[in-house]
Amino acid sequence: MKLFKSIHDYQYEWSLVSAANWQKYPNEHCTHVYAVDVLDRRIDPETGILTTERLISVNQNVPRFIMKLMGCDAHSQYVREISIIDPKKKTLTMRSQNLTMSNILSVEEEIEYREHPEDPSRTQFSQQATISAGSMMNRWASVLEDFSIKRFQQNAAIGREGFSKVSYKKYIIDKEK
């Protein structure tokens with residue numbers, strides 16, 4: 001099992017960043033995400049907490065022969081995401097897990113956006129992921145996990161850059177209103 005952790009500060013208020021989250025895809029930095037479908041969305045009338053379940057369709061750059069060997073569609077992989085927005089605590093928490101090939105490689109990710117504890121005009125972003133190779137990959141588990149954690153780190157940096165641009169665009173649009 002491999003772990004990944006990252007913390008980043010966005011120079012925008014939590015309300016802007018949490019709103020920009022819904023406009024994150026598509027963006028030119030995360031072209032592997034080609035569809036996001038909302039499966040369920042509900043608001044708790046007592047707390048105001050919004051819970052959303054989404055199916056994210058991606059096309060990872062995995063060689064076709066490997067995908068076919070594993071019995072998977074070479075074009076589409078799926079991720080389930082559950083997000084929880086607590087407007088009172090000013091937190092947006094997202095948990096996601098791959099659905100495709102999870103018996104071979106499981107990727108569980110948790111992201112949190114929260115109002116920065118020292119500066120309410122900024123948002124603190126934390127991201128952590130656990131990557132585990134399945135038991136059928138016994139001999140190759142460490143190699144697969146090492147490769148996957150490096151790919152995850154690269155994608156996380158690209159994703160932060162893309163989201164920074166999405167947040168900036170939202171900031172400019174809001175400022176013009």
Side-chain angles (χ1 to χ4, degrees), residues 3-44 47-62 75-100 105 107-131 148-177:
L3 301 173
F4 170 84
K5 286 188 177 188
S6 173
I7 295 176
H8 178 76
D9 289 345
Y10 288 101
Q11 302 305 314
Y12 308 107
E13 292 178 2
W14 177 85
S15 59
L16 183 137
V17 172
S18 60
N21 175 67
W22 304 110
Q23 300 167 6
K24 183 168 33 175
Y25 302 117
N27 79 63
E28 66 271 11
H29 293 280
C30 299
T31 57
H32 65 290
V33 177
Y34 64 88
V36 179
D37 298 297
V38 175
L39 304 176
D40 186 40
R41 181 172 280 157
R42 59 189 172 283
I43 296 177
D44 183 316
T47 63
I49 293 174
L50 171 66
T51 302
T52 304
E53 180 179 7
R54 304 192 302 177
L55 180 68
I56 301 172
S57 302
V58 299
N59 186 357
Q60 292 289 357
N61 190 14
V62 178
H75 300 289
S76 300
Q77 296 90 46
Y78 302 100
V79 175
R80 177 181 182 232
E81 175 193 87
I82 296 179
S83 61
I84 300 168
I85 295 180
D86 187 331
K88 291 178 184 157
K89 292 182 181 176
K90 294 191 177 182
T91 59
L92 164 57
T93 305
M94 301 174 350
R95 292 180 183 89
S96 62
Q97 173 152 14
N98 62 308
L99 299 175
T100 308
L105 185 72
V107 181
E108 295 180 17
E109 178 183 30
E110 182 172 320
I111 290 175
E112 183 179 71
Y113 298 93
R114 70 170 42 250
E115 184 176 74
H116 197 283
E118 297 165 9
D119 182 357
S121 70
R122 296 185 310 172
T123 301
Q124 192 173 66
F125 166 83
S126 63
Q127 177 182 32
Q128 57 185 21
T130 305
I131 298 176
S148 297
I149 198 75
K150 285 177 186 165
R151 158 99 24 100
F152 191 93
Q153 289 170 331
Q154 293 166 348
N155 285 345
I158 291 167
R160 275 192 309 277
E161 185 177 336
F163 188 64
S164 289
K165 289 188 176 181
V166 170
S167 297
Y168 178 72
K169 287 178 188 175
K170 175 97 174 103
Y171 170 75
I172 294 299
I173 290 168
D174 286 0
K175 194 174 178 180
E176 291 174 353
K177 289 182 181 177

Between [atom1] on residue [X] and [atom2] on residue [Y], distance to nearest 0.5 Å:
{"X": "E53", "Y": "R95", "atom1": "CD", "atom2": "CZ", "answer": "13.5 Å"}
{"X": "K150", "Y": "Q153", "atom1": "NZ", "atom2": "CD", "answer": "8.5 Å"}
{"X": "H29", "Y": "E161", "atom1": "NE2", "atom2": "CD", "answer": "4.5 Å"}
{"X": "Q11", "Y": "L16", "atom1": "CD", "atom2": "CG", "answer": "12.0 Å"}
{"X": "I149", "Y": "I131", "atom1": "CD1", "atom2": "CD1", "answer": "3.5 Å"}
{"X": "K5", "Y": "L3", "atom1": "NZ", "atom2": "CG", "answer": "7.0 Å"}

| Distance-only polar pair, side chains of T100 and N98, donor-acceptor under 3.5 Å |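 Short answer, no.
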Show me, pair by pair, the donor-acceptor contacts under 3.5 angstrom made by side chains of residues 82-94, not counting sequence neighbours?
unit_1: D86; atom_1: OD1; unit_2: K88; atom_2: N; d: 3.0
unit_1: D86; atom_1: OD1; unit_2: K89; atom_2: N; d: 3.1
unit_1: K90; atom_1: NZ; unit_2: E115; atom_2: OE2; d: 3.3

| message | Can you give me the closest heavy-atom contact between E13 and P120, atom names plus distance? | response |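 Nearest pair, atom of E13 first, then P120: CG-O, 3.9 Å.
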| task | Please name the pair of heavy atoms, one in K24 and one in V166, separated by the smallest distance, quoted to 0.1 Å. | result |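 So the two residues come closest at O-CG2, 4.1 Å.
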| request: Check ring-ring contact (aromatic ring centres under 6.0 Å, His included) between Y25 and all other residues, then give those that pass, not counting sequence neighbours. | output: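 Listed in chain order: nothing, the list is empty.
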| field | ring-ring contact (aromatic ring centres under 6.0 Å, His included) partners of F4, counting only residues at least two apart | value |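 By the ring-ring contact (aromatic ring centres under 6.0 Å, His included) rule, F4 matches F152.
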| task | Please test H116 against Y10 for side chain to side chain contact (heavy atoms under 4.5 Å, CB included), starting from the C-alpha separation and ending with a verdict. | result | CA-CA 9 Å; H116 197 283; Y10 288 101; over 6 Å; no
| field | salt bridge (charged side-chain N to carboxylate O under 4.0 Å, His left out) partners for E108, two or more places apart | value |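 Salt bridge (charged side-chain N to carboxylate O under 4.0 Å, His left out) list for E108, sorted by chain: empty.
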| request: For R114, enumerate each residue passing the salt bridge (charged side-chain N to carboxylate O under 4.0 Å, His left out) test, keeping only those at least two apart in sequence or located in another chain. | output: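 For R114, the residues satisfying salt bridge (charged side-chain N to carboxylate O under 4.0 Å, His left out) (neighbours in sequence not counted) are E112.
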| field | Passing candidate, side-chain hydrogen bond (donor to acceptor under 3.5 Å, both in side chains) with S96, options E109, E81, R80 | value |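 The passing option is E109.
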| task | Would you confirm whether S18, through its side chain, and S15, through its main-chain N or O, come within 3.5 Å as a donor-acceptor pair? | result |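 Yes.
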| message | Main chain of Y12, side chain of T123: is a donor-acceptor contact present, judged purely on distance under 3.5 Å? | response |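 Between the backbone of Y12 and the side chain of T123 there is a qualifying donor-acceptor contact (under 3.5 Å).
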| field | Set of side chain to side chain donor-acceptor pair (under 3.5 Å) partners for D37, sequence neighbours left out | value |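 D37 satisfies side chain to side chain donor-acceptor pair (under 3.5 Å) with no other residue.
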| Beyond-backbone contact of V107 with S148, side-chain heavy atoms, under 4.5 angstrom |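 Counting from C-beta outward, V107 and S148 never come under 4.5 Å.
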| task | Verify the ring-centre separation between F163 and F125: is it less than 6.0 angstrom? | result |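 So the answer is no for these two rings.
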